[in-house]
Amino acid sequence: MACNVQWLCLIFSITLSVLLGPNFAGASSIGVCYGMVANNLPPPREVIDMYTSNQIGRMRLYDPNLEAFEALRNTGIEVLVGVRNEDLQQLANSYSAAQNWIATYITPYSHQIQFRYIAVGNEVIPGDSAQYVLPAMKNLQNALGNRGIKVSTSIATSVLGVSYPPSAGAFSQDTMEYMVPIARYLNSIGAPLLANVYPYFAYIGDTIDISLPYALFVSGKVVTDGRLSYDNLFDSMVDALHAALGKAGAPQVQVVVSETGWPSHGNGKVTTPANAQIYNSNLISHVLSSRGTPRRPGNSTETYLFSMFNENMKPGAAVEQHWGLFHPNKWPVYPISFL
């Protein structure tokens, strides 16, 4: 009898590992963005193997890449998948298009991939496509039915007209007409607002009032905002978004940081591998501590680091090609742990 029980336990253990994947147990709750704007990256299956071997538990994909989906089956990695910005208008104007998008990209994989959120557009507010975001979100959420997957949209912190002090955070006049109804819709469906939060850009935009140590989580100094105290720029930026959501009538909406990071090259002494390592390592420790932000204490800020690789085809300034945690040859740009 004992032998049979042992065999049953072994079979159950093997079955569970197949169903849940090798990365389910002990994986980090930190996410990493899998950008693909490069011509020299490893194939998706090797990339997903890198996620599991580094115990990275969450991934952001910017579009529904089917080769990546195939590699993600049964890994246990939770996925934030994006809708292409160029698809927003069609998805907003046609419920059948939204149904087809779900039937094509979600339904065939949803039993073997843990989809966490669908990001309906990336940094399109304000802009010509901003008007399509909320209708597309509603169509996709309705098409999802009761799958437990939430839609949102990923915004830049430039949607704020005021961001300092954090308690004064408010959406700008040119984004308010979009952000207020989006915030209230997210509130109604229990979904978070996805936000790309970059202390690096805030710092280089105001090196007089913001210190580099404050941006890198190593300041030691505290900035007060009424009864709240801030010892890093990341929390200040996230709480400015929380304040804006409150003013928009959506105080229950959480902020999920869908991108953050620090470049390792391209802007002199500010963008060194050492500074990138300091920022990302301290950020990981901060998020995993579940300390939360001063405005939302004790509630860990779900966060996705940008990005898995240096991407050699990203346009713009030199820093744009140097946000990666890894080189395309899979060697780390600098040592980092996700646990």
Side-chain angles (χ1 to χ4, degrees), residues 23 28 30-65 67-68 71-72 75 77 79-82 84-85 119 122-123 154 156-157 194-205 212 215-217 234 257-285 287 303-339:
N23 196 43
S28 174
I30 294 291
V32 177
C33 302
Y34 178 13
M36 302 182 188
V37 189
N39 61 7
N40 57 355
L41 299 182
R45 191 163 298 279
E46 292 183 20
V47 175
I48 275 59
D49 286 344
M50 291 176 66
Y51 273 71
T52 57
S53 64
N54 284 282
Q55 296 179 287
I56 303 168
R58 292 172 178 164
M59 172 188 291
R60 179 181 180 182
L61 283 169
Y62 289 88
D63 58 57
N65 183 285
E67 193 176 355
L72 281 163
T75 61
I77 296 172
V79 178
L80 188 174
V81 63
R84 300 178 187 94
N85 291 347
N122 183 54
E123 296 188 354
S154 190
T157 51
L194 309 176
N196 300 337
V197 177
Y198 284 103
Y200 166 76
F201 286 119
Y203 166 70
I204 64 169
L212 182 59
L216 294 175
F217 292 89
F234 176 84
V257 176
S258 48
E259 287 182 16
T260 191
W262 199 277
S264 61
H265 183 72
N267 187 18
K269 294 181 179 179
V270 176
T271 55
T272 63
N275 279 347
Q277 181 188 37
I278 290 168
Y279 177 81
N280 284 323
S281 294
N282 286 337
L283 173 74
I284 290 169
S285 296
V287 171
T303 300
Y304 296 77
L305 294 178
F306 186 85
S307 130
M308 191 66 171
F309 296 103
N310 285 336
E311 298 171 66
N312 67 350
M313 296 181 70
K314 284 185 67 78
V319 295
E320 294 300 328
Q321 299 182 11
H322 294 93
W323 291 87
L325 302 169
F326 294 89
H327 296 288
N329 65 5
K330 301 194 285 189
W331 283 95
V333 177
Y334 42 82
I336 194 162
S337 170
F338 301 93
L339 296 174

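Computation of the quantities below employed the complete heavy-atom set of this structure, encompassing side-chain atoms and omitting hydrogens, waters and symmetry-equivalent molecules.
- For Glu46, the salt bridge (charged side-chain N to carboxylate O under 4.0 Å, His left out) criterion is met by Lys330, not counting sequence neighbours.
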Show me the donor-acceptor pairs within less than 3.5 Å that the side chains of residues 30-40 make with the rest of the protein, sequence neighbours left out.
unit_1 : atom_1 : unit_2 : atom_2 : d
Asn39  : OD1    : Asn312 : ND2    : 2.8

Can I get a per-line list of side-chain donor-acceptor pairs under 3.5 Å for residues 332-339, giving both atom names and the distance, sequence neighbours left out?
unit_1 : atom_1 : unit_2 : atom_2 : d
Tyr334 : OH     : Asn280 : ND2    : 2.8
Ser337 : OG     : Leu339 : N      : 3.3

Verdict with supporting geometry, Ser28 and Ile56, side-chain contact (heavy atoms from CB on, under 4.5 Å): CA-CA 5 Å; Ser28 174; Ile56 303 168; 5.9 Å; no

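- Side chain of Ser281 to backbone of Ile278: no donor-acceptor contact under 3.5 angstrom is found.
- Of all heavy-atom pairs between Pro44 and Glu67, the closest is CD-OE2, 3.4 Å.
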Stepwise side-chain contact (heavy atoms from CB on, under 4.5 Å) test for Thr303 and Leu283: CA-CA 9 Å; Thr303 300; Leu283 173 74; 4.0 Å; yes

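- By the side-chain hydrogen bond (donor to acceptor under 3.5 Å, both in side chains) test, Tyr203 pairs with no residue at all, sequence neighbours left out.
- Ring geometry for Tyr198 against Phe306 counts as perpendicular: the plane angle is over 60°, on a 0 to 90° scale with 30° as the lower cut.
- Applying the side-chain hydrogen bond (donor to acceptor under 3.5 Å, both in side chains) test to every pair with at least one member in residues 264-274, sequence neighbours left out, gives these pairs: Tyr200-Asn267.
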Pair Asn122-Asn85, side-chain contact (heavy atoms from CB on, under 4.5 Å): steps then yes or no: CA-CA 7 Å; Asn122 183 54; Asn85 291 347; 4.1 Å; yes

Trace of the side-chain contact (heavy atoms from CB on, under 4.5 Å) decision for Glu259 with Ser154: CA-CA 9 Å; Glu259 287 182 16; Ser154 190; 5.7 Å; no

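- For Tyr279, the ring-ring contact (aromatic ring centres under 6.0 Å, His included) partners are Phe217, Trp262, not counting sequence neighbours.
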